[in-house]
Amino acid sequence: MDWLSWLYVLFLLCGTCQYICCSSSSLNSSSCPFPYQHFCNCDDSSALLQFKNTFLVSASVSSSCFSVYFKTVSWEKDNDCCKWNGVTCEKVTGHVVGLDLSCSGLHGNIHHNNSLFSLGHLQRLSLSGNDFSGSPVSSNFGRFVSLTHLDLSFSNFSGHIPSELSHLSRLVSLDLSANNQLYTFTYLRLETLGLKRIVQNLTNLRELVLDGVDMSSVLPDSFMNLTFSLTYLSLYDCHLHGQFPWSLLLKLDQLVHLDLSSNNFFGQLPIVHRNSTTNISSSLNDSINKKTEPADLMLLQLEQLDLSYNSFIGAIPSWIYSLPSLASLYLSNNRFTGTISKFQSTSLTDLDLSYNKLHGQIPISIFELPNLSLLSLEANNLSGVVEFDKLQRLEYIWLSYNHLSVSFNNLSNSSWPNLTYVYLSSCNISEFPYILRYSPQLESLDLSYNQLQGKVPTWFMDGGKDTLRYLNLSHNFLTGNIEQLPWRNLKFLDLESNLLQGQVPIPPPSIVVFSISNNQLTGRLPPNLCNLSSIQILDLSSNRLSGKLPSCLANFSDSLSVLDLRKNKLVGLIPATFKKGNVLRNLDLNGNQLDGPLPQSLRNCRNLEVLDLGNNYINDTFPKWLETLPMLQVLILRSNRFHGPISSPITRFPFQKMRIMDLSHNHFCGPLPTKYFENLLSMINVQGDELKYMGEYYYQDTVVVAMKGSELQLVKIQTFFTTIDFSNNAFRNSNAYMNTFSRNGMLKGQRSNQSFNE
Ligand SMILES: *[C@@H]1O[C@H](CO)[C@@H](O)[C@H](O)[C@H]1NC(C)=O
Ligand SMILES: *[C@@H]1O[C@H](CO)[C@@H](O)[C@H](O)[C@H]1NC(C)=O
Ligand SMILES: *[C@@H]1O[C@H](CO)[C@@H](O)[C@H](O)[C@H]1NC(C)=O
Ligand SMILES: *[C@@H]1O[C@H](CO)[C@@H](O)[C@H](O)[C@H]1NC(C)=O
Ligand SMILES: *[C@@H]1O[C@H](CO)[C@@H](O)[C@H](O)[C@H]1NC(C)=O
Ligand SMILES: *[C@@H]1O[C@H](CO)[C@@H](O)[C@H](O)[C@H]1NC(C)=O
Ligand SMILES: *[C@@H]1O[C@H](CO)[C@@H](O)[C@H](O)[C@H]1NC(C)=O
Ligand SMILES: *[C@@H]1O[C@H](CO)[C@@H](O)[C@H](O)[C@H]1NC(C)=O
Ligand SMILES: *[C@@H]1O[C@H](CO)[C@@H](O)[C@H](O)[C@H]1NC(C)=O
Ligand SMILES: *[C@@H]1O[C@H](CO)[C@@H](O)[C@H](O)[C@H]1NC(C)=O
Ligand SMILES: *[C@@H]1O[C@H](CO)[C@@H](O)[C@H](O)[C@H]1NC(C)=O
Ligand SMILES: *[C@@H]1O[C@H](CO)[C@@H](O)[C@H](O)[C@H]1NC(C)=O
């Protein structure tokens with residue numbers, strides 16, 4: 001090239017230089033005319049600046065982000081936009097072709113007129129992990145015809161997915177997942193027609209992720225025309241129902257990842273007849289040979305298959321056992337029947353068949369899979385003996401709730417370096433597995449519902465001091481005192497229903513859930529209980545604890561949600577120290593010998609749902625000041641020394657949420673306080689779809705109610721159960737007695753209006 005041509009090239013480059021047209025104020029000739037240097041297209045630059053100004057930035061974003069990068073904050077008018085965070089330009093033209101604003105803390109709406117849509121050269125766009133405040137996905141996204149990658153996941157979009165996305169025929173990857181809001185029930189929605197168009201036209205697609213998109217109106221057959229190039233298909237929680245079009249899998253022979261979990265697919269998995277399935281090499285060969293025939297599943301590349309949480313029935317078909325590349329298989333929470341066969345996929349690392357109806361023995365070959373690290377067979381109907389030695393290489397084991405017997409070779413000297421989660425509830429275990437002493441990683445151990453007897457051995461106390469977080473030894477026959485609990489990071493400890501004696505052992509301050517109910521503990525409540533500043537659930541019920549309640553008891557943990565001291569021998573006053581802002585949900589002091597009046601600071605328990613003070617000696621008038629507690633559903637004052645008339649409510653809608661109220665066996669007098677249960681009656685006809693119980697994951701509320709004179713323990717409180725009992729008081733129409741029930745699966749009670757007839 002001669003010097004004139006060089007000059008011409010320089011001139012041309014300068015002509016497109018962004019600084020000349022966009023920011024002549026910052027003219028900097030030394031950075032201009034070199035090829036391969038980025039200079040942002042002016043229109044794109046100003047579009048980006050406008051885009052930036054559409055949003056607030058703040059650090060509160062979606063849980064999908066490890067941290068927030070305020071990428072747009074550094075965008076300045078006078079700088080080359082190709083050097084801005086998250087922006088990529090085409091080298092020669094300076095057009096913005098890539099925009100990665102994932103986890104950028106953007107908050108605000110994206111309307112159809114957003115300047116973003118003028119970035120016509122975009123090839124990759126990620127807006128994942130921001131908060132677009134329920135904005136609809138604009139049909140203008142269909143304008144980005146050069147787009148190969150579009151990621152709008154975790155971004156709080158809602159409404160219909162526009163069928164214009166089908167214009168993006170170059171798309172290789174489309175991710176619209178996780179825009180659903182659990183609490184507001186807002187979803188992105190996709191209809192059959194839109195899906196069909198997208199499926200039909202996006203012939204270059206390799207990854208399609210639609211997790212959490214509401215496709216309840218979509219017929220599963222609409223996926224039939226998905227392109228064969230697909231490697232990744234994820235349809236978790238899409239409200240899909242019906243039969244999955246399995247023949248689609250004949251075509252998708254590049255598929256690596258298939259997730260259909262948490263839908264309502266039903267029916268049997270397809271059965272593929274192969275000549276030989278007992279031999280991985282021959283079946284592999286078999287499927288290769290059959291590649292040309294249309295009647296076989298290939299899936300040679302399939303690494304992850306997740307069909308869990310659906311309603312599949314029938315046996316697990318043989319092709320699942322012989323997928324040559326399979327690493328993770330999740331079939332849990334279906335209704336699979338039959339037995340488990342030998343897995344030929346030696347690459348398996350995760351195998352979850354839990355919560356099905358599988359029976360028979362666990363094939364030994366499972367324990368020989370060289371890379372298996374997670375095995376969950378929980379809650380089936382499996383039987384036989386499992387030798388724990390065989391599990392040695394596993395990290396995560398769930399075998400609970402079958403008819404298995406797990407046996408231990410306690411003489412074994414081998415170590416178990418990788419055992420992390422061990423769930424062996426109801427596995428007929430009668431002694432502490434000595435081999436666990438060599439498991440330095442142990443984090444969770446569940447040996448509940450076994451036949452463990454005697455004292456907790458000291459060697460057991462010496463293990464997992466720093467690692468153990470979850471320990472469940474409930475429902476065994478453990479005896480003796482537990483003086484100390486050595487696990488420094490323990491969060492969950494369940495020792496319920498054993499024969500333990502002595503004082504209440506004090507878990508470490510890290511504890512969140514602690515139950516030692518239904519044992520034979522004696523002595524006072526130790527004051528150092530009050531050091532458990534993270535505890536949420538404390539259940540010491542059904543022991544023989546005596547003495548007074550420590551005054552800290554009402555306020556030692558800001559997160560205390562359940563305090564259950566039912567059925568002990570506690571005496572004295574209920575401490576008057578319930579702080580404002582506490583989150584107590586269930587306070588159960590039933591069946592003690594507490595006396596004195598009720599502390600009015602109970603009024604600070606704005607989250608209280610269950611207050612059970614029955615069977616004590618509490619001497620007070622009716623605590624009408626409780627009527628303003630907005631969540632209170634269960635109030636039991638039965639068998640105390642409450643007295644006096646119950647005058648009219650203070651508020652217009654007293655006890656708004658009340659469903660179970662038992663004031664019986666006290667000394668109340670005067671007219672029957674009908675006002676207090678009118679509201680309750682209005683709730684009787686509340687309709688609901690599901691049977692639900694009150695309580696939370698680790699603690700279910702229980703209550704004893706009187707039914708026509710006899711006490712009845714409701715192990716769990718159904719949310720539709722409603723009852724009022726004012727009997728055995730001195731109300732003017734004495735022995736006024738009423739029970740009402742609604743939507744109650746266990747009891748068929750009768751509704752009686754007689755108390756209202758005056
Ligand atoms: C011009 O750009 C060069 C290289 O980008 C930089 O080192 C220099 O400081 C700039 N000069 C002015 C005046 O901005
Ligand atoms: C864009 O559209 C929204 C809603 O339709 C409107 O409120 C806003 O003023 C428009 N912005 C511009 C710059 O036109
Ligand atoms: C999503 O947007 C809605 C509507 O603006 C808003 O109420 C909600 O807080 C947002 N959710 C998240 C997780 O950002
Ligand atoms: C399909 O993609 C082509 C471009 O490849 C486009 O012209 C056409 O409009 C698209 N069809 C639909 C239904 O979106
Ligand atoms: C698949 O595409 C063909 C045309 O290519 C069309 O006739 C058929 O209806 C499509 N099937 C589905 C289920 O969309
Ligand atoms: C093997 O497959 C071929 C063709 O699919 C079939 O004709 C033959 O009967 C099969 N053999 C056996 C033993 O099942
Ligand atoms: C696959 O089959 C061919 C003959 O069809 C044979 O030569 C080869 O050894 C087989 N491969 C394996 C891994 O068994
Ligand atoms: C697997 O099949 C091949 C080919 O059919 C055969 O040669 C080999 O012996 C078989 N291996 C086993 C372990 O059965
Ligand atoms: C087991 O895992 C190792 C390491 O990831 C890998 O190299 C090996 O191929 C795997 N074994 C099988 C049978 O897939
Ligand atoms: C469990 O399996 C046994 C046989 O192993 C069978 O008798 C029993 O009916 C099965 N129970 C259920 C609930 O399927
Ligand atoms: C424990 O895990 C390590 C690393 O994953 C692995 O190298 C080792 O073989 C495992 N040990 C056993 C006994 O499985
Ligand atoms: C209740 O307390 C009052 C004093 O506040 C007392 O006079 C009365 O005797 C007590 N009643 C019972 C049954 O203990």
Side-chain angles (χ1 to χ4, degrees), residues 117 120-123 137-150 160-174 176 190-206 208 210 215 217-230 233 235 238 240-252 256-257 265 279-284 294 299-305 320-329 342-351 365-375 392-396 417-418:
F117 299 115
H121 294 79
L122 274 184
Q123 292 166 18
V137 177
S138 167
S139 57
N140 282 341
F141 277 99
R143 286 212 217 157
F144 296 122
V145 290
S146 306
L147 218 51
T148 58
H149 293 74
L150 177 59
H160 280 90
I161 292 171
S163 61
E164 280 82 355
L165 288 190
S166 63
H167 299 329
L168 309 180
S169 57
R170 294 194 193 168
L171 268 191
V172 169
S173 170
L174 176 60
L176 302 174
L190 188 52
E191 315 288 337
T192 296
L193 193 60
L195 178 67
K196 278 192 174 175
R197 286 200 179 143
I198 287 170
V199 156
Q200 192 93 15
N201 224 27
L202 270 47
T203 51
N204 294 305
L205 215 51
R206 293 171 62 79
L208 180 59
L210 299 175
M215 294 197 242
S217 69
V218 163
L219 303 172
D221 275 350
S222 315
F223 289 96
M224 271 309 286
N225 281 347
L226 268 177
T227 173
F228 65 90
S229 58
L230 208 67
L233 177 60
L235 300 172
C238 288
L240 286 161
H241 54 97
Q243 301 257 2
F244 184 78
W246 294 108
S247 54
L248 172 64
L249 298 187
L250 295 176
K251 192 173 65 163
L252 303 184
V256 173
H257 177 110
F265 288 120
N279 176 323
I280 181 68
S281 55
S282 65
S283 68
L284 229 164
L299 303 175
L300 295 183
Q301 321 285 337
L302 196 66
E303 288 173 13
Q304 181 162 350
L305 178 61
I320 290 208
Y321 292 98
S322 59
L323 294 166
S325 309
L326 197 65
S328 308
L329 176 63
K342 179 175 177 169
F343 280 92
Q344 290 151 0
S345 326
T346 52
S347 44
L348 265 182
T349 61
D350 294 17
L351 176 59
S365 58
I366 282 188
F367 306 124
E368 284 154 11
L369 292 166
N371 285 353
L372 196 68
S373 96
L374 180 151
L375 176 63
Q392 187 179 8
R393 58 174 89 241
L394 294 171
E395 290 172 45
Y396 307 100
N418 297 340

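Just so we're clear, the structure is a prediction, and the values are computed from it rather than from any experiment. Along the sequence shown, the residues carry numbers beginning at 1. Both counts, for ligands and for their atoms, begin at 1 and track the order of listing.
The backbone N or O of Ala327 lies less than 3.5 Å from a partner atom in the side chain of Thr349, making a donor-acceptor pair. Judged by distance alone, with hydrogens and angles left aside, the side-chain atoms of Lys196 form no donor-acceptor pair with the main-chain N or O of Asn225 at under 3.5 Å. Using a distance-only test at 3.5 Å, with no hydrogens or angles considered, no donor-acceptor pair links the side chain of Thr346 to the main chain of Pro370.
Partners of Asn201 under the side-chain hydrogen bond (donor to acceptor under 3.5 Å, both in side chains) rule, at least two apart in sequence or in another chain, do not exist in this structure. Remark: Thr227 engages Ser229 in a side-chain hydrogen bond (donor to acceptor under 3.5 Å, both in side chains) (not counting sequence neighbours). Taking the side-chain contact (heavy atoms from CB on, under 4.5 Å) definition, one finds that Ser138 meets it with His112, Phe117, Asn140, Phe141, sequence neighbours left out.
Scanning all heavy atoms of the two residues, the minimum distance from Leu235 to Met215 falls at CD2-CE, 3.8 Å. Of all non-hydrogen atoms in Ser163 and Gly194, the two that sit nearest each other are CB-CA, 3.9 Å.
At a heavy-atom cutoff of 4.0 Å, ligand 4 is contacted by the side chain of Ser169 but not by its backbone. With a heavy-atom cut-off of 4.0 Å, Val199 does not touch ligand 5 at all.
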Report all N/O contacts between ligand 9 and the protein shorter than 3.5 Å as a table of atom names and distances to 0.1 Å; if there are none, say 'none'.
from     : atom 1 : to     : atom 2 : distance (Å)
ligand 9 : 2 (O)  : Asn371 : OD1    : 3.4
ligand 9 : 2 (O)  : Asn371 : ND2    : 2.2
ligand 9 : 11 (N) : Asn371 : ND2    : 3.0

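The shortest N or O to N or O distance between Lys196 and ligand 5 is not below 3.5 Å. Residue Arg197 has no nitrogen or oxygen atom sitting less than 3.5 Å from a nitrogen or oxygen atom of ligand 4, judged on distance alone.
Residue contact check: Asp221 has heavy atoms under 4.0 Å from atoms 13 (C) of ligand 5.
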